[in-house]
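A short worksheet on the structure shown next.
Here, residue 1 is the first one in the sequence, and each next residue gets the next number.
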Amino acid sequence: MNLGKAQGFDARTWVDGLYRQYSDMVIKRIRFRLNAGGACLAAAEDVLIDVFATALAKADTIIGQENVVGWLYKTADNLCMNECRRQHVARRRELPLQEDILQSDEVMVQRITIGEVQTLLKKDEVALFNRIYIEKVPLQDVSDEYQITYGAAKVRAYRLRQRLLEISRQYS
């Protein structure tokens, strides 16, 4: 039996009361959780809104619970975890693509020859360097050849770029 509907319960009014009473405590917890993930204040406020929107959607099930604050905290923790995952995925997508890597490293090639670069790289880095920079093979094809995901190929290309920039700094 639905307690809320049986007693003429207004979920929106109840959640508004929860918001007025507990939003300060919940936002502090959200900020703490998201700061560890490097999130901004706007993301914390979005999560706070989502917490109370979830409370409104599930008001029928949480009205009878003894520890509503614990439920709010747990929901906030779960939503913070989701936000951190979303931001992590977004950061991974921001890794430079092959074209960006080539454009930014053209300056380095002018200071050091390709042969010198190849002698300074590890064997697996040389193979990747040749495929990406010399043969200009798309990262999707590189990922297929290495039997890794496209994302893993981007990460390897990014790490190679970092290594090339490190070598470039030594020769500047």
Side-chain angles (χ1 to χ4, degrees), residues 1-105 122 124-125 128 132 138-166 169:
M1 179 172 134
N2 188 330
L3 278 175
K5 289 184 181 177
Q7 299 172 357
F9 172 72
D10 181 20
R12 184 172 298 275
T13 304
W14 183 70
V15 171
D16 285 344
L18 286 178
Y19 184 85
R20 282 191 300 278
Q21 188 172 1
Y22 299 115
S23 64
D24 289 340
M25 293 184 334
V26 174
I27 192 72
K28 287 177 185 174
R29 185 178 188 102
I30 292 170
R31 285 181 184 157
F32 174 76
R33 296 276 187 213
L34 291 183
N35 278 342
C40 64
L41 180 60
E45 291 171 349
D46 290 344
V47 170
L48 179 68
I49 291 168
D50 290 344
V51 167
F52 286 97
T54 304
L56 181 60
K58 297 187 179 204
D60 293 348
T61 58
I62 61 175
I63 187 68
Q65 291 189 4
E66 292 179 22
N67 189 3
V68 176
V69 177
W71 185 92
L72 291 171
Y73 280 161
K74 187 63 176 171
T75 302
D77 291 347
N78 290 338
L79 291 171
C80 287
M81 208 173 345
N82 292 344
E83 178 64 19
C84 289
R85 286 182 189 132
R86 187 194 61 73
Q87 289 178 2
H88 178 72
V89 168
R91 281 192 301 269
R92 293 293 296 258
R93 288 187 179 139
E94 291 172 2
L95 286 174
L97 296 175
Q98 181 179 5
E99 296 78 23
D100 297 336
I101 294 170
L102 291 173
Q103 290 171 1
S104 65
D105 289 334
K122 298 175 188 170
D124 59 326
E125 291 174 331
L128 189 61
I132 294 174
L139 282 177
Q140 185 61 53
D141 295 345
V142 171
S143 71
D144 293 341
E145 290 172 20
Y146 282 77
Q147 297 179 347
I148 57 176
T149 64
Y150 178 72
K154 282 175 63 174
V155 169
R156 287 188 186 184
Y158 179 78
R159 289 179 182 156
L160 176 62
R161 177 182 181 271
Q162 294 301 106
R163 178 77 172 111
L164 292 171
L165 290 173
E166 190 178 295
R169 286 186 204 107

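- Residue pairs meeting the salt bridge (Lys or Arg N to Asp or Glu O under 4.0 Å) criterion with at least one member in residues 143-153, sequence neighbours excluded: R131-E145.
- Side-chain contact between L128 and E125: absent, with no pair of heavy atoms (C-beta onward) separated by less than 4.5 Å.
- In this structure E166 satisfies the side chain to side chain donor-acceptor pair (under 3.5 Å) test together with R163, sequence neighbours excluded.
- One distance of note links CD1 of I27 with CZ of F32; it measures 14.5 Å at 0.5 Å rounding.
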Show every donor-acceptor pair shorter than 3.5 Å between a side-chain atom in residues 16-26 and any protein atom, with sequence neighbours excluded, or say none if there are none.
| residue | atom | partner | partner atom | Å |
| --- | --- | --- | --- | --- |
| S23 | OG | Y19 | O | 2.8 |

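- Rounded to the nearest 0.5 angstrom, D141 CG and Y150 OH are separated by 10.5 Å.
- The two residues L139 and K154 come nearest to each other via the heavy atoms CD1-CG, 3.9 Å.
- Between L34 and C84, the shortest heavy-atom contact is CD2-SG, 3.8 Å.
- Residues passing the side chain to side chain donor-acceptor pair (under 3.5 Å) test with T149, sequence neighbours excluded: none.
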Evaluate the criterion side-chain contact (heavy atoms from CB on, under 4.5 Å) for residue pair E83 and I30; output intermediate values, then yes/no.
CA-CA 10 Å; E83 178 64 19; I30 292 170; over 6 Å; no
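- Nearest heavy atom pair, residue D124 against residue Y146, reads O-OH, 4.3 Å.
- Between R156 and V142, every side-chain heavy-atom pair lies at or beyond the 4.5 Å cut-off.
- Surrounding CD of Q162 are more than 12 heavy atoms belonging to other residues, nucleotides or ligands, all under 6.0 Å away.
- Partners of K28 under the side-chain contact (heavy atoms from CB on, under 4.5 Å) rule, at least two apart in sequence or in another chain, do not exist in this structure.
- Scanning all heavy atoms of the two residues, the minimum distance from A55 to L72 falls at CB-CD2, 4.3 Å.
- What you find for Q65 and V68 is that their closest heavy atoms are O-CG2, 3.7 Å.
- By the 4.5 Å heavy-atom criterion applied to side chains, N82 and D50 are not counted as neighbours.
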List the atom pairs, with distances to 0.1 Å, where a side-chain N or O of residues 74-81 and a protein N or O form a donor-acceptor pair under 3.5 Å, not counting sequence neighbours.
| residue | atom | partner | partner atom | Å |
| --- | --- | --- | --- | --- |
| T75 | OG1 | W71 | O | 2.8 |
| D77 | OD1 | R29 | NE | 2.9 |
| D77 | OD1 | R33 | NE | 3.0 |
| D77 | OD2 | R29 | NE | 3.4 |
| D77 | OD2 | R29 | NH2 | 2.9 |
| N78 | ND2 | K74 | O | 3.4 |

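- To the nearest 0.5 Å, atom CG of residue L160 and atom NZ of residue K122 are 11.0 Å apart.
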